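One structure is given here, and the rest of the page talks about it.
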Protein chains: 2
Amino acid sequence: MDANVLDAELTAVLHGRGQRVTPQRLILHRLLRAGPQHLTAEELLGRSRAQLPNVSLPTVYATLDLFEELGVIRRVPGTGPAQVYDSRTDGHHHLRCMRCGGVGDLEADVDLGGIAGAAREQGFVAERVDVTVSGVCPACARDSAS
Amino acid sequence: MDANVLDAELTAVLHGRGQRVTPQRLILHRLLRAGPQHLTAEELLGRSRAQLPNVSLPTVYATLDLFEELGVIRRVPGTGPAQVYDSRTDGHHHLRCMRCGGVGDLEADVDLGGIAGAAREQGFVAERVDVTVSGVCPACARDSAS
DNA sequence: CTGGATGCAAACTCTTTGCATGCAT
DNA sequence: ATGCATGCAAAGAGTTTGCATCCAG
């Protein structure tokens, strides 16, 4: 896609939310849409150096956060800052609260056979399939209602 | 479950793999099976202080790693050390290579309606459902074959 | 002009590593 | 007796915060 079109798109979204349009945001946005689909903050920083020699990691993080809020990118789901271990070892799935960071079990049967098969068709040796539902847990929903 | 039974179970598994049985391993194992199902390393450390005043965080991490290898616990899936961002924002899912850490897209339609519904029945406000397949990617599988 | 965005440095959290001691085998 | 497991300290990676400067509006 043309850089001008991408810039116009982002400009529209930013203005719509009363956010400023800066060269860093435009260039990082272009790189995100042009480069490899999956990137870390460091990788994006590296790719931006040619066009933004002085860009800093905090700016990249701030911009990625903003883009996620704007719906321009997504964070590939993780468990949050600290690793969580689970003493249940059977195949089951998780609920993760975006408010309090808590983790709970999802009590539901999910048919994952098709998923593992699809992965195998792509040449991937599937060993495990995990489903994570992100949202707001009952306790946090109650708190915000009051 | 009785602590003696738990200890016997772990002892059997450890001996089966030629691993040593230590008090730290026994106690941490008991706590994992008794305490809250989802824990971080720090939380487990805190809970073990009463019985193991001098236990250290590196030991907790080493023990958790070992237990995961033994299949005694599972790590709740994350994206690995560095956060990964994705420039695709439609609902789609991921393949994660346990060998190289790479992330790819899963090209498959998954029916997630039932899952979100089940979460809602538990009082959870579901905003997003992610499916992650862990395994070995084609490139790494090829390398290990040679 | 004015306040939000940036760059720099430093702090912070989580996790891993190095090495001497101790204990399970 | 042997060597793996432990504890301590320190290093390391990734991310966030504080603050002065700068620039988009």
Side-chain angles (χ1 to χ4, degrees), chain A residues 7-8 10-29 31 38-46 48-49 51-70 72-73 75-85 98 101 103, chain B residues 7-8 10-29 31 38-46 48-49 51-70 72-73 75-85 100-101 103:
Chain A
D7 287 0
L10 182 63
T11 300
V13 176
L14 287 171
H15 281 164
R17 303 259 196 140
Q19 297 279 353
R20 294 187 180 173
V21 177
T22 67
Q24 288 86 344
R25 289 174 178 180
L26 290 172
I27 290 171
L28 291 175
H29 179 243
L31 289 169
H38 302 105
L39 287 160
T40 63
E42 294 263 13
E43 284 164 359
L44 182 57
L45 178 75
S48 67
R49 283 259 188 263
Q51 297 168 72
L52 291 168
N54 294 319
V55 76
S56 64
L57 214 28
T59 298
V60 173
Y61 279 108
T63 305
L64 287 167
D65 283 353
L66 174 66
F67 284 177
E68 198 190 9
E69 264 188 56
L70 298 177
V72 168
I73 58 168
R75 206 180 289 250
V76 177
T79 53
Q83 196 67 258
V84 175
Y85 297 86
M98 300 161 88
V103 175
Chain B
D7 287 1
L10 182 63
T11 300
V13 175
L14 287 170
H15 281 164
R17 304 259 196 140
Q19 296 279 353
R20 294 186 179 171
V21 178
T22 66
Q24 288 85 344
R25 288 173 179 180
L26 290 173
I27 290 171
L28 292 175
H29 179 242
L31 289 169
H38 302 105
L39 287 160
T40 64
E42 295 263 12
E43 285 163 359
L44 182 58
L45 179 75
S48 67
R49 283 258 188 263
Q51 297 169 72
L52 291 169
N54 294 319
V55 76
S56 64
L57 213 30
T59 298
V60 173
Y61 278 109
T63 306
L64 288 168
D65 282 353
L66 175 65
F67 285 177
E68 196 190 10
E69 264 188 58
L70 298 176
V72 168
I73 58 167
R75 207 180 289 252
V76 176
T79 54
Q83 196 69 256
V84 175
Y85 297 85
C100 68
V103 175

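These numbers were taken from a predicted model, which means no experiment stands behind them. By convention in this document, chain letters (A, B, ...) are assigned in the order of the sequence lines, proteins followed by strands, and residues within each chain are numbered from 1. Both backbone and side-chain heavy atoms feed into the values below; hydrogens, waters and symmetry mates do not.
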Return the nearest nucleotide to the side chain of [X]; candidates are [options].
{"X": "A:Arg25", "options": "D:dT6, C:dA5, D:dT16", "result": "C:dA5"}
{"X": "A:Tyr61", "options": "C:dC14, D:dT15, C:dA5", "result": "D:dT15"}
{"X": "A:His15", "options": "D:dG25, D:dT16, D:dG7", "result": "D:dG25"}
{"X": "A:Thr59", "options": "D:dG7, C:dG7, D:dT6", "result": "C:dG7"}
{"X": "A:Pro23", "options": "D:dG14, C:dA9, D:dA24", "result": "D:dA24"}

Spacing between [X] atom [atom1] and [N] atom [atom2], to the nearest angstrom:
{"X": "A:Leu45", "N": "D:dT15", "atom1": "CG", "atom2": "P", "answer": "12 Å"}
{"X": "A:Leu66", "N": "C:dA5", "atom1": "CG", "atom2": "C1'", "answer": "10 Å"}
{"X": "B:Glu68", "N": "C:dT16", "atom1": "CD", "atom2": "P", "answer": "11 Å"}
{"X": "B:Leu64", "N": "C:dT16", "atom1": "CG", "atom2": "P", "answer": "10 Å"}
{"X": "A:Leu52", "N": "C:dC8", "atom1": "CG", "atom2": "P", "answer": "12 Å"}
{"X": "B:Gln83", "N": "C:dC14", "atom1": "CD", "atom2": "P", "answer": "14 Å"}
{"X": "A:Asn54", "N": "C:dA9", "atom1": "CG", "atom2": "C1'", "answer": "15 Å"}
{"X": "A:Ile27", "N": "D:dA24", "atom1": "CD1", "atom2": "P", "answer": "12 Å"}

(message) Taking only side-chain N and O atoms of B:Gln24, does any of them lie within less than 4.0 angstrom of OP1 or OP2 on D:dG7?
(response) yes

(message) When you measure from the side-chain N and O atoms of B:Gln19 to the phosphate of D:dA5, is any distance below 4.0 Å, counting only OP1 and OP2?
(response) yes

(message) Nearest 0.5 Å, please: how far is CG in A:Leu31 from CG in A:Leu52?
(response) 8.0 Å

(request) Working to the nearest 0.5 Å, report the span between CG of A:Asp7 and CZ of A:Arg25. (result) 13.5 Å

(message) On DNA chain C, compare the nucleotides closest to B:Glu42 and B:Thr22; which residue's is nearer the 5' end?
(response) B:Glu42

(request) Provide the closest heavy-atom pair for A:Ser48 versus A:Val55 in the form atom of the first, atom of the second, distance. (result) OG-CG1, 3.3 Å

(message) Checking the side chain of A:Arg75 only, and the main-chain atoms of A:Leu64 only, is there a donor and an acceptor separated by less than 3.5 Å?
(response) no

(request) Decide yes or no, distance alone: a donor-acceptor N/O pair under 3.5 angstrom between the base of D:dG25 and the side-chain of A:Arg20. (result) no

(request) Test B:Thr63 against every option in B:Thr59, B:Asp65, B:Val60 by the side chain to side chain contact (heavy atoms under 4.5 Å, CB included) rule and name the one that passes. (result) B:Thr59

(request) Would you kindly compare B:Ala62 and B:Val84 by the position of their nearest DNA chain D nucleotide and give the one closer to the 5′ end? (result) B:Ala62

